[in-house]
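Here's the structure, in structure tokens; my notes come after.
Below, read A as the first sequence line, B as the second, and so on, with proteins coming before strands; counting in each chain starts at 1. Reckoned from all heavy atoms, side chains included, excluding hydrogens, waters and symmetry mates. Since we're looking at a predicted model, the values are computed, not measured.
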Amino acid sequence: MPLLEVKDLQVRVEEREILHGLSLTVNKGEVHAIMGPNGSGKSTLSHVIAGKPGYEVTGGQILFNGEDLLEMEPDERAAKGVFLAFQYPVEIPGVATMTFLRTALNAQRKARGESEYSTPNFLKKVRDVAASLNIPQDMLRRGINVGFSGGEKKRNEVLQMALFEPSLCILDEMDSGLDIDALRVAADGVNALRSPDRAMVVITHYQRLLNYIVPDFVHVMSKGRVVKSGNKDLALELEASGYAQFEEA
Amino acid sequence: MAAVQETVDRVRQIDVDQYRYGFETIIESEKAPKGLSEDTIRFISAKKNEPEWMLEWRLEAYRRWLTMQEPTWARVDYPKIDYQDLYYYAAPKPKKEISSLDEIDPEILKTYEKLGIPLREVEALEGVVRPEGERKVAVDAVFDSVSVATTFQEELKKAGVIFMPISHAIQQHPELVKQYLGSVVPTSDNFFATLNSAVFSDGSFVYVPPGVRCPMELSTYFRINERNTGQFERTLIIADKGSYVSYLEGCTAPQRDENQLHAAVVELVALDDAEIKYSTVQNWYPGNSEGKGGIYNFVTKRGDCRGAHSKISWTQVETGSAITWKYPSCILRGDNSRGEFYSIAISNGYQQVDSGTKMLHLGKNTTSRIISKGIAAGKSQNTYRGLVTAHRKAANARNFTACDSLLIGDKCGAHTVPYIEAKNTSALFEHEATTSKISEDVLFYCVQRGLSQEEAVGLVVNGFVRDVLQQLPMEFAVEAQKLISISLEGSVG
């Protein structure tokens with residue numbers, strides 16, 4: 001059974017159709033890149049999979065491990081293993097990063113009927129993961145994302161991904177706003193999480209990111225549909241020829 | 001009849017409301033005749049066995065009250081209160097004169113047990129080992145109009161601290177009461193304070209002698225139980241030179257369909273180098289989800305930093321009451337004195353809050369700090385109203401004010417009404433205000449990480465109020481945090 005199956009998905013935002021019958025199949029262990037020009041519906045796809053309010057699904061379905069994802073609340077989807085790394089992670093003043101991580105992890109575990117982490121075990125786990133991502137302890141004590149640099153925000157997303165151990169990771173424009181060094185650190189973090197039990201969907205506008213996170217499959221989106229699929233060479237091809245060839249399609 | 005009433009009340013409580021303290025205690029009580037007159041005041045005074053000067057003080061206040069108008073400037077809206085349709089005194093019927101906790105009506109003790117208030121000092125007497133770090137709290141419990149029990153008397157006595165019902169203080173320490181009662185909030189102060197002066201029945205009295213650091217937190221727990229009864233408590237705290245005291249107050253009431261009046265007065269006096277820290281967790285019944293019932297909370301709280309280098313700090317967590325009208329204030333009279341006000345005011349449903357503070361800088365080099373966090377949800381209205389003034393002689397007065405409001409949903413309102421007056425050029429006042437809404441993006445971020453909508457709101461709100469929560473004594477901070485989550489249940493559509 002595929003991990004994620006998007007079948008003929010049609011989505012509207014305020015009466016305007018954004019996705020016009022999009023299909024995508026992702027198996028465990030695979031890394032898929034979704035590329036496309038601005039406004040092609042890439043971010044909409046990631047939001048609809050994660051369950052962001054404001055989108056109306058008018059047709060098609062999304063199955064996750066064979067279950068109907070669209071029937072679930074966003075927090076249920078998270079507990080089932082859907083993780084979205086945000087393009088613009090939000091700031092929450094007064095809520096220490098450590099507190100947030102712990103509350104979220106325990107909420108997910110509780111939803112799955114697992115026991116909550118004890119404090120020492122939790123702290124050890126966070127410290128280990130943070131160290132591997134070059135995240136200083138001081139950052140964990142600060143309000144979540146408050147005053148973080150662009151690179152720190154993205155590393156904080158990767159930290160959560162490592163901590164929650166989701167089976168599907170969607171990375172929405174992870175490279176936006178990052179310089180090359182910051183990008184490398186974040187990408188290394190993501191690569192360390194590649195595993196036969198986990199799939200990733202990497203959404204990006206630029207080919208650059210895919211030099212660091214090398215995909216198994218590349219899909220090109222245009223006007224709310226996947227218009228071409230291929231292997232990693234397709235990304236290089238796009239880099240050379242641009243998206244214009246798909247715009248008329 | 002009682003059984004029928006009980007059934008009616010039970011049914012009433014099967015409601016969408018989350019108020020945890022809405023139960024009623026069935027005990028016999030003794031009430032003053034309904035309505036307000038000189039006779040009512042004589043009745044109360046006689047009940048308390050008061051000296052003549054006290055009765056005169058009350059009557060003078062009553063005569064003054066008759067000439068006063070109910071204030072209308074606050075941003076609150078309620079039907080006219082019929083002051084003749086209330087009971088001004090209700091007391092649990094005493095079997096006999098109470099001399100120890102064992103003689104208190106077990107029903108009352110049970111009530112406080114349900115509320116989680118540790119009234120019994122048995123533990124301490126029997127030397128029960130407490131977990132490390134847990135501090136002792138001496139409790140005075142006020143049930144309707146009378147104080148039912150004050151714990152840890154002996155231990156406090158050793159330190160020289162007087163902590164007793166004010167009705168007892170009038171008998172046992174008349175010189176202190178005469179000197180300080182009404183010296184911060186005069187009987188003529190305002191409509192509700194004047195009413196309180198006429199009819200107050202009990203409350204707490206604290207005196208900390210010079211140089212003494214009160215060995216434990218002092219706490220008063222107020223409970224309105226009777227129907228159609230106003231609660232008018234009066235609290236007076238005096239910190240003599242170089243002393244320190246931390247005082248907590250908590251309040252709850254049963255769920256009732258009719259509104260009940262609570263008009264308290266709290267006076268604090270800090271002499272040279274003394275410090276008073278006063279914390280409140282106000283959780284009176286807020287009314288149901290349709291806005292029916294709930295407490296009208298019209299309270300006058302004022303502290304007088306009378307001595308040089310004295311300090312008074314108010315911290316309040318206001319989650320209850322249908323209407324809150326409350327401005328804990330500081331008169332910064334002594335040179336170099338300091339006033340602080342930390343407030344979290346949460347309104348949900350149809351609650352109306354008009355609360356804030358006054359910092360009156362009279363002395364030189366006086367400083368004050370105001371941190372106010374207002375959270376409005378449901379169809380509620382939440383107003384911060386504050387006054388900061390510097391007197392001509394208050395050279396180098398400093399104030400910093402930060403008022404933040406958070407809106408949950410789009411049917412509530414948050415308002416900030418600051419008044420600032422500086423009568424000398426060396427005063428420096430800073431005022432910051434923000435209003436924000438919990439954004440969809442923040443909520444979605446949290447739920448994407450596995451939190452439910454309500455957990456997400458709770459987390460964001462707790463982050464918002466964090467710097468104020470930190471001002472509360474530990475035991476209260478945890479309780480307050482839980483209370484904040486409960487108050488906001490059902491606020492996310």
Side-chain angles (χ1 to χ4, degrees), chain A residues 46-55 72-97 99-112 114 142-146 153 156-157 159-161 163-166 168-170 172, chain B residues 317 342-344 346 371-375 402-410 432-472 477-478 480-482 484-485 488 492-493:
Chain A
S46 69
H47 289 160
V48 172
I49 295 173
K52 188 174 183 176
Y55 296 91
M72 298 178 207
E73 293 295 324
D75 49 324
E76 279 178 85
R77 302 183 198 194
K80 296 259 184 196
V82 175
F83 183 93
L84 171 63
F86 285 75
Q87 181 178 5
Y88 303 110
V90 300
E91 299 183 4
I92 313 180
V95 179
T97 302
T99 310
F100 180 80
L101 297 177
R102 188 171 169 189
T103 313
L105 182 59
N106 281 333
Q108 290 195 19
R109 292 181 65 88
K110 203 173 146 199
R112 290 193 293 261
E114 297 164 6
R142 280 146 65 190
I144 191 148
N145 291 326
V146 177
K153 284 183 183 172
N156 189 15
E157 295 293 285
L159 168 71
Q160 295 179 54
M161 206 157 94
L163 203 58
F164 301 155
E165 299 173 337
L168 175 67
C169 306
I170 305 164
D172 190 6
Chain B
V317 177
Y342 300 100
S343 170
I344 299 170
I346 299 181
I371 308 287
S372 164
K373 306 277 183 178
I375 300 161
C403 295
D404 298 321
S405 306
L406 187 67
L407 298 166
I408 302 175
D410 52 11
E432 291 175 4
T434 65
T435 301
S436 51
K437 235 183 121 168
I438 296 191
S439 76
E440 290 289 334
D441 285 346
V442 167
L443 285 181
F444 178 59
Y445 187 84
C446 294
V447 296
Q448 205 299 306
R449 299 301 142 91
L451 299 175
S452 67
Q453 287 276 344
E454 289 194 343
E455 285 169 325
V457 171
L459 193 80
V460 174
V461 168
N462 272 304
F464 177 73
V465 300
R466 199 170 108 115
D467 29 346
V468 174
L469 275 186
Q470 282 169 341
Q471 298 296 330
L472 284 172
V478 177
Q481 200 163 352
K482 277 191 225 148
I484 289 167
S485 307
L488 291 170
V492 191

Is chain A contacted by the side chain of E440(B), its backbone, both, or neither, given a heavy-atom distance below 4.5 Å? side chain
Atom group of P74(A) that falls short of 4.5 Å from chain B, counting heavy atoms: both
Applying ring pair (Phe, Tyr, Trp, His ring centres under 6.0 Å) to F164(A) and not counting sequence neighbours gives none
Region of E76(A) in contact with chain B, defined by heavy-atom distances below 4.5 Å: neither
Only pairs of heavy atoms separated by less than 4.5 Å count here; which of A111(A), A107(A), G143(A), P166(A) has the most with chain B? A107(A)
By ring pair (Phe, Tyr, Trp, His ring centres under 6.0 Å) - contacts of F100(A) (at least two apart): Y445(B)
Any carboxylate oxygen within less than 4.0 angstrom of a Lys/Arg side-chain nitrogen, looking at D410(B) and K437(B)? no
Under 4.5 Å heavy-atom distance to chain B, tell me which part of Y88(A) shows up: side chain, backbone, both or neither. neither
Side chain / backbone / both / neither for I92(A) at chain B, heavy atoms under 4.5 Å: side chain
Salt-bridge test for R449(B) and D75(A): reply yes if a basic N is under 4.0 Å from a carboxylate O, no otherwise. no
Look at the aromatic rings of F444(B) and F86(A) and report parallel, tilted or perpendicular, splitting at 30° and 60°. perpendicular
